[in-house]
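Bear in mind the structure is a predicted one, so any value in this text is a computation, not a measurement. Residue numbers begin at 1 in each chain, while the letters A, B, ... track the order of the sequences.
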Number of protein chains: 2
Amino acid sequence: MEANVIPIMNNIVDKMDMRLTYQRKVILNVLIENIDKHLTANDIYTLIKSKHNIIGMATIYRTIDILNKKGIVIKHDFGDSAAKYELEIEQNKNHHHLICKKCGKVIEMSGLLKDDFYETLLQDKGFECTDYKLKIFGYCADCRNA
Amino acid sequence: MEANVIPIMNNIVDKMDMRLTYQRKVILNVLIENIDKHLTANDIYTLIKSKHNIIGMATIYRTIDILNKKGIVIKHDFGDSAAKYELEIEQNKNHHHLICKKCGKVIEMSGLLKDDFYETLLQDKGFECTDYKLKIFGYCADCRNA
DNA sequence: TTATGTGCAAAATGTTTGCTCCCCA
DNA sequence: TGGGGAGCAAACATTTTGCACATAA
């Protein structure tokens, strides 16, 4: 494991409250090293295979599912069949995704919701928001100029 | 076909610019009659089977896909395996979904984005927005009080 | 008439599960 | 050492595809 990954890993391990097996360490390691990317289960599998021993697909799905339920991993669906995962760190949390309908690129940004949306939801609908996903479809700068 | 469906149907048919077969009419009919619902491909299949002749699943997927590409049908993914579809009428367009993490209920609302988000996207990222989907996860009034 | 659409069945894809053996705490 | 975890393969659900036949325009 690379040194700079260790403190992040420890931080997550504190939150997980589950047995720390070799496989789970390796999965977390890949997620941390790709903290700015969206990985499919198969991406994770391939990345692990290239650096460590092979681990089973079922283990990846089972682990990711647990991490997702514990709020450590976010599950995304950008419409291209396989679900994508990323670590739910503060920096990744509740950001928006701009998805280009031409080239498929995903750009991240934030700050498009009204500042008082949380209160509005509670008052108007009695709905308590824990998190949200905003997907914006359209055309990125490159594709618009092409 | 029920009488009140005909004007909506004609409106859509004008937009589609594709051969109007028996199967496509029946699919559109079901979508119009359930304009306020989110249907899976299988829901559509079952609804058609109960009122008309059986049509093939492949036809449903192929038709819905075309309608989606033409902007007549919206495809949703609420995280429960099968994709859900609804007509993309003005009333359905760009609304938000509040998804209860306990009971799975989906509530619709709108008006949570900043008024100038379209311009912000264009200026800050050069991104031209055509449409968006905002999914808000949390707990509905019923589940919060239960 | 002919390009397009349909149905069927088979295949592809992504994900989940049962069961046996393994290993972390 | 005991109970949760892993691996494998088989099952599963949803969606896609190839091909022969049917049909709207």
Practice problem: Show your reasoning for whether side chain to side chain donor-acceptor pair (under 3.5 Å) applies to A:Asp43 and A:Thr40. | Solution: CA-CA 5 Å; A:Asp43 291 339; A:Thr40 63; 3.2 Å; yes

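- Ring-plane geometry between B:His95 and B:His97 is classed as perpendicular, the angle between the planes exceeding 60 degrees on a 0 to 90 degree scale with a lower cut at 30.
- Here the nucleotide nearest the side chain of A:Thr21, chosen from C:dT15, C:dG5, D:dG5, is D:dG5.
- The side chain of B:Thr40 contributes no N or O atom lying less than 4.0 Å from OP1 or OP2 of D:dT14.
- Between B:Thr63 and A:Ala83, the residue anchored closer to the 5' end of DNA chain C is B:Thr63, taking for each the nucleotide with the nearest heavy atom.
- In this structure, CD1 of A:Ile48 is placed 9 Å from P of D:dG7, rounded to the nearest angstrom.
- Checking C:dT15, C:dT6, C:dA25 against every side-chain atom of A:Ala41, the shortest atom distance belongs to C:dT15.
- Rounded to an integer number of Å, the gap from CE of B:Met16 to C1' of C:dT4 is 13 Å.
- In terms of position along DNA chain D, the nucleotide closest to A:Met18 lies nearer the 5' end than the nucleotide closest to the other residue of the pair A:Met18 and B:Asn42.
- Side-chain atoms of B:Arg62 and base atoms of C:dG7 include a donor and an acceptor less than 3.5 Å apart.
- Atom OH in A:Tyr22 sits about 9 Å away from atom P in D:dG7, given to the nearest Å.
- Residue A:Arg19 places a side-chain atom within donor-acceptor reach of the base of D:dG3, judged by atom type and a 3.5 Å distance cut-off alone.
- Between B:His96 and B:Tyr132, the ring planes are tilted. Angles from 30° to 60° get that label.
- Dashed line: the shortest gap from a side-chain N or O of A:Thr59 to OP1 or OP2 of D:dG5 is not under 4.0 Å.
- Look at A:Gln23 and you won't find any side-chain N or O under 4.0 angstrom from OP1 or OP2 of C:dC24.
- One finds a salt bridge joining A:Lys101 and B:Asp131 here, because a Lys/Arg side-chain nitrogen approaches an Asp/Glu carboxylate oxygen to under 4.0 Å.
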